[in-house]
J.: 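First, the structure itself, so that you have it in front of you.
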There are 2 protein chains.
Amino acid sequence: MEKYRHVSSKDVAREAGVSQATVSYVLNDVPGIKIKPETRQAVLEAAKKLNYLPNLSARSMRLKKSMSIAVVSDKNVSNYGFIKILEGIKDVMIPRDYSITFSFSKFQDNETAQHVQYFLSNRIDGIIFLLVNPSKEHCQYLASKHIPFVVISHQFQEDGFHRIKNDMESAVREALTDLRSKGRETIGFFGNGIGNFADRRYATFHKTMEEMNFRLDPAQMVKMSDSEEAESAIAQFFNNRSSLPDAIICEAPGIGFRLLRYLAKTGIRVPETLSVTAFGTSKFSPLTYPALSAIESPLYQMGYSAAEMLFNIMNGKPTDNLVVLKWQYVKRESS
Amino acid sequence: MEKYRHVSSKDVAREAGVSQATVSYVLNDVPGIKIKPETRQAVLEAAKKLNYLPNLSARSMRLKKSMSIAVVSDKNVSNYGFIKILEGIKDVMIPRDYSITFSFSKFQDNETAQHVQYFLSNRIDGIIFLLVNPSKEHCQYLASKHIPFVVISHQFQEDGFHRIKNDMESAVREALTDLRSKGRETIGFFGNGIGNFADRRYATFHKTMEEMNFRLDPAQMVKMSDSEEAESAIAQFFNNRSSLPDAIICEAPGIGFRLLRYLAKTGIRVPETLSVTAFGTSKFSPLTYPALSAIESPLYQMGYSAAEMLFNIMNGKPTDNLVVLKWQYVKRESS
DNA sequence: CTGAAAGCGCTAACAG
DNA sequence: CTGTTAGCGCTTTCAG
């Protein structure tokens with residue numbers, strides 16, 4: 001590959017009849033440096049004429065910052081969430097001249113994790129964990145190496161690290177209030193977090209149910225993950241039961257879809273006979289029949305806030321280490 | 001931000017009692033350079049002991065390559081496709097020590113396009129267009145600047161540029177054969193490409209229908225995009241028609257979902273009364289009821305092949321400039 | 001087989 | 001207000 005010759009700041013300097021330093025001063029608007037207007041003008045014109053773009057590798061080396069961040073995620077991530085959050089991240093990072101590097105890194109050893117290597121080799125300046133949960137121990141390691149990072153996750157609960165927290169409580173309350181207003185009192189939960197109070201969706205559901213004096217009936221809660229196995233768990237639940245709950249809250253959209261699918265198949269009417277609501281955002285929730293009501297997180301905003309936070313950390317500006325964003329109850333047809 | 005001090009090759013050299021050059025030789029396995037085994041050993045040990053990682057900014061500057069590629073896409077991209085293709089790209093690029101930079105670049109001017117600026121400022125060495133279509137003129141511009149790029153797209157048809165092409169013909173034929181075997185002869189098409197032979201999905205549908213001697217009835221083709229407006233177009237179609245087609249092929253999963261939704265709502269049985277099949281891959285196709293049959297593209301493979309191609313171009317290795325991958329007919333319940 | 005030294009393009013003291 | 005200069009960490013002739 002023959003490479004197009006790079007125009008350097010030296011070329012601009014020559015063209016403008018000034019020194020390379022001057023070029024750097026005006027192009028970077030270095031604070032505290034005064035440049036005579038006509039010199040500045042000359043530099044600007046030369047730069048434009050030559051179509052000059054600074055070589056970022058050189059600048060990175062000099063500045064010891066790469067002007068790039070890593071977004072670490074894994075392939076099991078919810079697609080919709082991924083892209084929406086990324087959009088938020090991009091909208092703060094790109095205008096500030098950072099680029100965004102992907103990392104699908106699995107968390108193996110602390111040192112061999114891809115994002116760590118990226119940082120230590122000056123490929124990135126900071127990390128956003130996007131819908132994945134680094135362990136506490138890994139976070140401590142990162143902190144010990146002074147690696148700036150923030151965690152976007154619905155589960156991550158470790159204190160003392162920068163993260164985007166989200167408050168699902170008011171949205172859950174709203175959803176339950178809506179259910180109660182229609183006389184639905186027996187409310188089930190389908191999801192993997194059953195009985196596990198470290199699972200925020202389940203925990204918030206449980207807590208809010210208690211606070212609102214709903215009856216919590218373990219018989220109406222079914223443990224299932226958002227995968228094919230859910231189908232048999234759902235079928236089994238309905239086969240074994242003579243009395244149905246009035247409503248079911250699903251831990252994830254995928255569980256909601258599968259439930260809806262089962263109910264359509266077996267002719268159980270939604271929401272008349274059974275009301276369905278799911279945690280989580282999906283592009284497809286409005287497209288099922290009936291359209292799936294959901295308790296959704298503010299994805300774009302989460303990305304945006306995380307990026308702002310990371311930017312502040314990386315640049316030594318003061319920042320909160322916790323931003324709390326509220327979920328929303330989006331009522332559609334299924335509830 | 002105080003930054004963790006970087007261990008340099010000079011440090012390794014000192015530790016191993018050799019020169020910096022030697023360190024570079026052994027760590028990069030420079031061909032044609034022989035190193036005494038014990039020296040090599042010493043260097044390797046020192047590097048490991050100090051936990052040395054080369055500074056990539058410095059290396060990039062020296063080598064004039066950034067060891068990074070850009071994936072350019074836009075936010076309207078099909079999510080599932082995006083992440084699957086990305087996975088394929090990653091699986092070839094990461095092992096070859098390239099990182100992946102994201103660009104949501106819109107195509108404005110040739111020179112101000114973000115990916116062009118990234119290249120010109122040595123942030124990336126090549127570009128993969130992921131499910132977006134650069135114009136022919138833009139491609140020519142990139143070629144004129146010797147910017148390596150490959151296009152992954154279902155629409156892009158320009159010859160002479162590196163791209164992943166895919167063959168949907170055999171899959172469409174398979175789907176239609178399946179329909180015929182069940183006596184379905186009147187087949188409609190819902191999508192934005194109606195009448196537009198530049199639209200590959202429509203064109204392939206049309207061509208195959210003709211070849212197989214199906215009757216092409218314009219009355220059974222409805223122009224609609226994969227968006228909310230589709231809903232009214234669908235409703236209108238069914239309201240105005242006394243005779244229904246036997247089957248409908250949808251241009252995108254989203255149209256298929258909306259159609260299924262409408263049919264469920266109005267009680268039209270699928271596939272008994274009407275058979276539905278959609279072009280495109282979605283995580284949710286198996287989750288509707290009935291599960292949506294689809295004509296799917298080999299996403300992972302497309303990413304993989306594109307990345308291999310780009311790698312070859314960037315490194316001056318011989319490569320095809322066209323890889324053809326076949327779509328597949330995935331029969332589920334709706335057809 | 002290995003080392004000395006130059007230089008990639010940039011920024012930032014420091015001089016003037 | 002602007003230029004000279006040193007040096008970031010790396011690779012690579014060129015000598016030895």
Side-chain angles (χ1 to χ4, degrees), chain A residues 3-44 46-47 50-67 97 117 119-123 125, chain B residues 3-44 46-47 50-67 97 117 119-123 125:
Chain A
K3 190 133 176 192
Y4 198 75
R5 199 184 103 59
H6 187 80
V7 177
S8 79
S9 66
K10 198 185 262 176
D11 298 325
V12 177
R14 191 182 315 111
E15 175 76 23
V18 299
S19 80
Q20 221 183 335
T22 307
V23 172
S24 175
Y25 293 144
V26 346
L27 262 23
N28 295 320
D29 259 327
V30 180
I33 300 265
K34 296 265 166 264
I35 303 282
K36 222 196 305 173
E38 48 268 42
T39 326
R40 150 167 272 119
Q41 196 54 28
V43 170
L44 259 17
L50 300 182
N51 220 323
Y52 169 70
L53 286 177
N55 181 318
L56 291 182
S57 306
R59 172 183 272 170
S60 289
M61 174 165 114
R62 184 65 234 242
L63 262 25
K64 294 181 182 332
K65 357 192 277 174
S66 64
M67 295 305 279
D97 285 324
Q117 301 225 349
F119 181 86
L120 293 177
S121 53
N122 196 36
R123 221 197 262 261
D125 300 331
Chain B
K3 190 132 178 192
Y4 198 77
R5 198 184 104 59
H6 187 80
V7 178
S8 79
S9 66
K10 197 184 263 176
D11 298 325
V12 178
R14 192 181 313 112
E15 175 76 21
V18 299
S19 80
Q20 222 182 336
T22 307
V23 172
S24 176
Y25 293 144
V26 346
L27 262 24
N28 295 319
D29 259 327
V30 180
I33 300 264
K34 296 264 166 264
I35 302 282
K36 222 195 307 174
E38 48 268 42
T39 326
R40 152 168 269 116
Q41 195 53 29
V43 170
L44 259 18
L50 298 182
N51 220 322
Y52 169 70
L53 286 178
N55 181 319
L56 291 183
S57 306
R59 171 182 273 170
S60 290
M61 172 163 116
R62 183 65 233 244
L63 263 24
K64 295 182 183 330
K65 357 192 277 172
S66 63
M67 295 304 280
D97 284 325
Q117 302 227 347
F119 181 85
L120 263 14
S121 54
N122 196 34
R123 222 197 262 260
D125 299 331

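Throughout, protein chains are lettered first and strands after them, A, B, ... in sequence-line order, and every chain is numbered starting at 1.
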J.: Just the rounded figure in Å: distance from C1' of C:dC8 to NZ of A:Lys10.
T.: 10 Å

J.: Grab the CE-C1' distance between A:Met61 and D:dG7 for me, whole Å please.
T.: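 It is 8 Å, rounded to the nearest whole Å.
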
J.: Any side-chain donor-acceptor pair under 3.5 Å between B:Arg59 and A:Asn122?
T.: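 Judged by distance alone, the side chains do not pair up.
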
J.: Under 4.0 Å from OP1 or OP2 of C:dG9: is there any side-chain N or O of B:Lys64 that close?
T.: yes

J.: Whether the A:Ser57 and A:Ser60 side chains hold a donor-acceptor pair (N or O, under 3.5 Å, no angle test) is what I'd like checked.
T.: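 No pair is found: no donor N or O on one side chain lies under 3.5 Å from an acceptor on the other.
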
J.: What is the nucleic acid contact for A:Ile33, judged by heavy atoms within less than 4.0 Å: base, sugar-phosphate only, or nothing?
T.: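 The answer is base, as A:Ile33 lies within the cut-off (heavy atoms under 4.0 Å) of a base atom.
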
J.: What is the distance from NZ of A:Lys65 to P of C:dA12, rounded to the nearest Å?
T.: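 The distance from NZ of A:Lys65 to P of C:dA12 comes to 10 Å, rounded to the nearest Å.
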
J.: Just how far, in rounded Å, is P of C:dC1 from CD of B:Glu38?
T.: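 Taking atom P of C:dC1 as the reference, CD of B:Glu38 is at 10 Å.
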
J.: Round to the nearest Å and state the distance from B:Arg59 atom CZ to D:dC10 atom C1'.
T.: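 Going from CZ in B:Arg59 over to C1' in D:dC10 covers 8 Å.
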
J.: Would you kindly give the CG-to-C1' distance between A:Leu50 and C:dG9, to the nearest whole Å?
T.: 15 Å

J.: For A:Ser9, report the nucleic acid contact type (base, sugar-phosphate, nothing); a contact means any heavy atom under 4.0 Å.
T.: sugar-phosphate

J.: Rounded to whole Å, how long is the line connecting atom OH of B:Tyr25 with atom C1' of D:dA15?
T.: 11 Å

J.: Do B:Asp29 and B:Arg40 sit within salt-bridge range, that is, some charged N less than 4.0 Å from a carboxylate O?
T.: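 Judged by the 4.0 Å cut-off on N to carboxylate O distance, B:Asp29 and B:Arg40 do form a salt bridge.
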
J.: If you look at every heavy atom in B:Tyr52 and B:Val7, which pair is closest and at what distance?
T.: CD1-O, 3.3 Å

J.: Looking at B:Ala16 and B:Ala42, what are the two nearest heavy atoms and their distance?
T.: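 Smallest interatomic distance, heavy atoms only, reads CB-O, 3.8 Å.
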
J.: If you take any heavy atom closer than 4.0 Å to DNA chain D, which residues from residues 12-23 of chain B end up in contact?
T.: B:Gln20, B:Ala21

J.: Identify which nucleotide among D:dT2, C:dG3, D:dT11 has an atom closest to any side-chain atom of A:Thr39, counting heavy atoms from C-beta outward.
T.: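 Nucleotide nearest to A:Thr39's side chain: D:dT2.
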
J.: Between D:dC10 atom P and B:Met67 atom CE, what is the distance in whole Å?
T.: 15 Å

J.: Does a nitrogen or oxygen in the side chain of A:Asn28 sit under 4.0 Å from OP1 or OP2 of C:dT11?
T.: yes

J.: Can you tell me if the side-chain N/O atoms of B:Ser8 get under 4.0 Å from OP1 or OP2 in D:dG9?
T.: no

J.: Check every atom of C:dC1, D:dT13, D:dC1 against the side chain of A:Lys36 and return the nucleotide holding the closest atom.
T.: D:dC1

J.: Taking only heavy atoms on the protein side, list every residue of residues 51-58 of chain A lying under 4.0 Å from any atom of DNA chain D, sorted numerically.
T.: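 Here the set is empty: none.
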
J.: Counting side-chain heavy atoms from C-beta on, which of D:dT13, D:dT2, C:dT2 comes nearest to A:Ile35?
T.: D:dT2

J.: Looking only at heavy atoms, what is the nearest atom pair of A:Arg123 and A:Ser66, with distance?
T.: O-OG, 3.1 Å

J.: Do you know the tightest heavy-atom contact between A:Gln20 and A:Ala13?
T.: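 It is N-CB, 3.7 Å.
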
J.: Does A:Asp125 form a salt bridge (charged side-chain N to carboxylate O under 4.0 Å, His left out) with A:Lys64? I'd like the steps, not just the answer.
T.: CA-CA 9 Å; A:Asp125 300 331; A:Lys64 294 181 182 332; over 6 Å; no

J.: Is there side-chain contact between B:Val43 and B:Tyr25, with at least one heavy-atom pair below 4.5 Å?
T.: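 No. Closest side-chain heavy atoms not under 4.5 Å.
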
J.: Would you say the side chain of B:Val12 lies within less than 4.5 Å of the side chain of B:Val18, judging by non-hydrogen atoms?
T.: no

